[in-house]
Amino acid sequence: MSEKKKAENKAVKRTNIGGQAVLEGVMMKGTRCYATAVRSATGDITIESHYTKSAKERNIILRLPFIRGVVNLLTQLFQGTGIIMRSAEVYGDYAEPSKFEKWMSDKFKINPMNLLMAFSVVLGVALAVGMFIFLPNFLTGLICDNIAAIRDSSLYSLWYSLIEGGIMLTIFISYIALVSLMKDIKRVFMYHGAEHKVISCYEHGLELTVENAKKMKREHSRCGTTFLFFVISVSIIVFVLINFMLERCGLLVSDSVTAYKVLNILIRLGFKLLFLPVVAGVSYELLKLLAKSDALPVRIIRAPGMLLQKLTTKEPTDDMLEVSITAFKTVLEMDEKDIPEKTFDINVPYAIERKKIEDMLKGTDEADIDWLFVDVTKTKRSELAQLKVVTKAQADTLEAAAKKMAEGMPYQYALGRTEFYGRTINLNQNVLIPRQDTEEVVYKAIELIKANDYKSCLDLCTGSGAIAVTIKKETKIDVTATDIFEGATEIAKANMLVNLAPCVVKQGDMFEALEENEKFDIIVSNPPYIPSADIETLEKKVKDFEPRLALDGDKDGLKFYRIIHNGYKNHLNENGALVMEFGIGQAEAIKEIFSDADVEIIKDMNNIERIAVVK
């Protein structure tokens with residue numbers, strides 16, 4: 001053997017880290033942790049890692065030889081299935097939960113994924129038992145009982161077990177060969193190869209790089225495929241002993257009647273199922289023992305299992321090796337020191353989520369859908385087309401909001417918040433949704449405050465507190481906010497708290513909330529100004545969801561401007577200013593109401609008269 005070959009075969013490190021290929025990724029398991037790295041649909045690698053009990057921390061009984069093999073097998077069944085499901089979620093399972101899943105979740109408070117995982121394990125075990133134990137047992141019974149040379153032979157038990165083992169092995173190899181033709185399974189087998197190459201790279205003392213890992217063989221002595229071959233081999237030996245025991249103990253019926261033949265098959269099957277833990281335990285110990293040596297006799301024993309790995313592993317691509325290296329390095333680090341666990345960053349392609357929301361909101365103004373995405377993803381509307389992904393958490397928020405919007409609810413109420421002057425304002429249906437027009441009112445008020453060095457402000461009809469919060473944050477002056485409705489003052493206080501904008505909040509009807517001689521340098525107000533008769537002509541999302549109390553300005557829409565006119569002078573300091581928002585077509589009426597003062601009418605960005613400044 002060449003020196004180069006000897007160097008390749010000589011492992012300079014030993015590790016107990018093992019792995020499992022998953023959908024578009026690899027799970028690596030160390031002494032006290034495991035980590036799964038998956039390449040998402042967007043091409044990024046995301047990691048999920050968790051600490052587990054090490055072997056030394058388990059109950060001493062569960063650590064005993066042979067028993068530990070059964071424990072490990074059951075653990076891998078449940079843990080492996082769960083990891084595969086998680087990897088599928090990362091890579092792109094964007095399906096809407098079925099009615100049954102929703103019913104299970106709502107009715108019994110059961111996570112459908114946990115139920116599905118348990119079902120998958122049970123179904124998988126049942127299929128494995130049926131395909132690799134029941135079917136070989138049944139076919140062997142038919143063969144042996146219908147071939148006279150075998151049936152009458154003194155070596156019947158041996159022939160029976162050898163034929164059964166051969167059938168098991170044939171079914172196993174045929175199964176692997178067939179499933180490897182499936183595109184997704186072939187990729188899993190490629191990740192399986194990547195897992196082996198990275199572990200071998202580490203064991204050969206090489207730096208964990210894609211280039212170094214590529215040089216390694218894709219077969220590995222501790223592979224589960226080799227373990228399964230040992231299971232078949234050990235089962236042949238164990239089943240020989242079982243068949244011999246059944247014959248010597250007289251537990252089989254010697255009559256050739258068909259019914260008795262079937263009974264014998266079922267008796268053998270029952271005892272084989274009973275001894276499955278023994279087969280698993282012995283196979284596990286054999287795998288661990290043989291993995292510790294690379295001597296020629298050991299390699300000969302492992303050879304069939306290594307040969308089977310030619311089917312279950314495929315040559316990986318560079319990006320698959322990169323994923324496997326990421327998982328391995330994470331486990332190495334977690335085994336050596338305590339670092340925080342991680343959960344997958346699950347992203348959904350924007351185009352897929354956008355289509356889903358649009359389907360949920362057919363007939364909804366596209367602008368509202370845009371603003372929904374703007375709010376949730378914190379992306380500018382002009383940049384939505386360039387957005388590649390939304391996080392799973394964002395997708396959940398979008399879909400929960402869309403369900404409410406489908407019933408006509410404005411997206412701001414559906415989300416429970418909106419953006420105002422660059423800040424988040426929390427909302428509920430007790431308050432009006434602050435709009436861009438009101439931002440222009442606030443902009444004018446701030447301009448006056450800074451130009452005149454005003455020290456105090458009254459926000460009359462505060463609603464959500466958006467005006468008060470903004471003026472406080474932008475100018476630092478003292479702000480008092482009033483509203484007649486308790487529900488409004490409560491949410492205004494909440495918004496002041498979360499935005500760190502301390503203001504005085506008073507409940508009462510217009511100026512009645514104030515002390516008699518309480519005065520301010522500037523009064524700002526966005527009072528109700530929709531004429532009562534016009535309320536029913538408004539959009540459904542306005543008239544059916546926004547509080548009528550915050551919309552209805554009485555018969556002509558001007559009731560509250562008259563109240564403001566009658567009281568503002570008592571609460572406005574000399575040289576102060578009153579800034580108000582009003583409705584379309586109300587400018588002349590505002591001038592008439594405040595005819596005893598200097599009134600400036602200002603147009604908004606749409607060139608509509610919208611703001612009145614009274615001095």
Worksheet item: Salt-bridged, Asp437 to Arg610, with N to O below 4.0 Å?
Response: yes

Item to complete: With the side chain counted from C-beta on, respond yes when Met580 and Ile611 share a heavy-atom pair under 4.5 Å apart, and no when they do not.
Response: no

Discussion item. How close do Ser49 and Met334 get, counting heavy atoms only, and between which atoms?
Written reply: CB-SD, 3.4 Å

Fill in: Salt-bridge present (Asp554, Arg562; N to O < 4.0 Å)
no

Worksheet item: Can you check whether Asp521 reaches Cys457 side chain to side chain, under 4.5 Å on heavy atoms?
Response: no

Practice prompt. Indicate yes or no: does Glu588 engage Lys591 in a salt bridge with an N to O separation below 4.0 Å.
Written response: yes

Worksheet item: Heavy-atom distance under 4.5 Å between the side chains of Val579 and Ile522, does that happen here?
Response: yes

Worksheet, complete the sentence: Nearest heavy-atom contact between Val26 and Val323 is N-CG1, 4.1 Å

Discussion item. Before you tell me yes or no, could you show the steps for Leu448 and Val613 under side-chain contact (heavy atoms from CB on, under 4.5 Å), namely the whole-Å CA-CA distance, both residues' side-chain angles and the distance that decides it to 0.1 Å?
Written reply: CA-CA 10 Å; Leu448 290 168; Val613 178; 3.9 Å; yes

Worksheet entry | Charged N-O contact under 4.0 Å between Glu322 and Arg39 | yes

Fill in: Within 6.0 Å of NZ in Lys342, more than 12 heavy atoms from elsewhere
no

Item to complete: Taking all heavy atoms of Pro434 and all of Leu427, pick out the closest pair and write down the distance.
Response: CD-CD2, 3.7 Å

Worksheet entry | Residue pair Glu439 / Tyr421: nearest heavy atoms and the distance that separates them | OE2-N, 2.7 Å

Worksheet item: Of the non-hydrogen atoms in Ser532 and Lys555, which two are nearest, and what is the gap between them?
Response: OG-N, 3.7 Å

Worksheet item: Ion pair present between Lys543 and Asp552, side-chain N to carboxylate O less than 4.0 angstrom?
Response: no

Worksheet item: Does a side-chain N-to-carboxylate-O contact under 4.0 Å join Glu366 and Arg354?
Response: yes

Discussion item. Quick one, Thr482 and Gln507 - any side-chain contact, counting heavy atoms below 4.5 Å?
Written reply: no

Worksheet entry | All ring-ring contact (aromatic ring centres under 6.0 Å, His included) counterparts of Phe594, not counting sequence neighbours | His565, Tyr568

Worksheet item: Tyr350 and Phe373: aromatic ring centres closer than 6.0 Å?
Response: yes

Worksheet entry | Carboxylate-amine/guanidinium contact Glu447 Lys444, below 4.0 Å | yes

Worksheet entry | Presence of salt bridge, Lys541 and Asp368, under 4.0 angstrom | yes

Worksheet item: So, Thr462 and Asp459: side-chain donor and acceptor under 3.5 Å apart, yes or no?
Response: yes

Worksheet item: Do Phe420 and Thr438 have side chains that get closer than 4.5 Å, going by heavy atoms?
Response: yes

Worksheet item: Do Lys455 and Asp453 touch side chain to side chain, with heavy atoms closer than 4.5 Å?
Response: yes

Practice prompt. Might you confirm whether atom NZ of Lys183 has over 12 heavy atoms from other residues, nucleotides or ligands at distances under 6.0 Å?
Written response: no

Worksheet item: Can you tell if the side chain of Val38 reaches within under 4.5 Å of the side chain of Ile45, non-hydrogen atoms only?
Response: no

Discussion item. Check this for me: does any side-chain nitrogen of one of Glu536 and Arg548 sit under 4.0 Å from a carboxylate oxygen of the other?
Written reply: yes

Item to complete: With Arg435 as reference, evaluate Glu419, Glu546, Glu581, Glu440 under the salt bridge (Lys or Arg N to Asp or Glu O under 4.0 Å) test and give the passing residue.
Response: Glu546

Item to complete: For atom CD of Glu516, decide whether the heavy atoms of other residues, nucleotides or ligands shown that lie under 6.0 angstrom number more than 12.
Response: no

Worksheet entry | Pairwise distance OG1(Thr489) to NZ(Lys506) - rounded to 0.5 angstrom | 13.0 Å

Discussion item. Quick one about Asn347 and Thr391 (side-chain donor to acceptor, distance below 3.5 Å, no hydrogens or angles considered), yes or no?
Written reply: no

Worksheet item: Hey, is CD on Gln436 packed in by over 12 heavy atoms from elsewhere, all under 6.0 Å?
Response: no

Worksheet entry | Ile601 and Phe582, any side-chain heavy atoms less than 4.5 Å apart | yes

Discussion item. According to ring-ring contact (aromatic ring centres under 6.0 Å, His included), who are the partners of Phe511, at least two apart in sequence or on a separate chain?
Written reply: His571

Worksheet item: If you look at every heavy atom in Asp335 and Gly30, which pair is closest and at what distance?
Response: OD2-CA, 3.4 Å

Worksheet item: So, Tyr51 and Glu341: side-chain donor and acceptor under 3.5 Å apart, yes or no?
Response: no

Worksheet item: Can a salt bridge be assigned to the pair Asp375 and Arg381 using a cut-off of 4.0 Å between side-chain N and carboxylate O?
Response: no

Practice prompt. Begin from the C-alpha positions of Met320 and Arg187 and carry the test side-chain contact (heavy atoms from CB on, under 4.5 Å) through to its verdict.
Written response: CA-CA 9 Å; Met320 291 177 175; Arg187 289 188 65 81; 3.5 Å; yes

Discussion item. Heavy-atom count check: over 12 atoms from other residues, nucleotides or ligands less than 6.0 Å from Glu592 CD?
Written reply: no

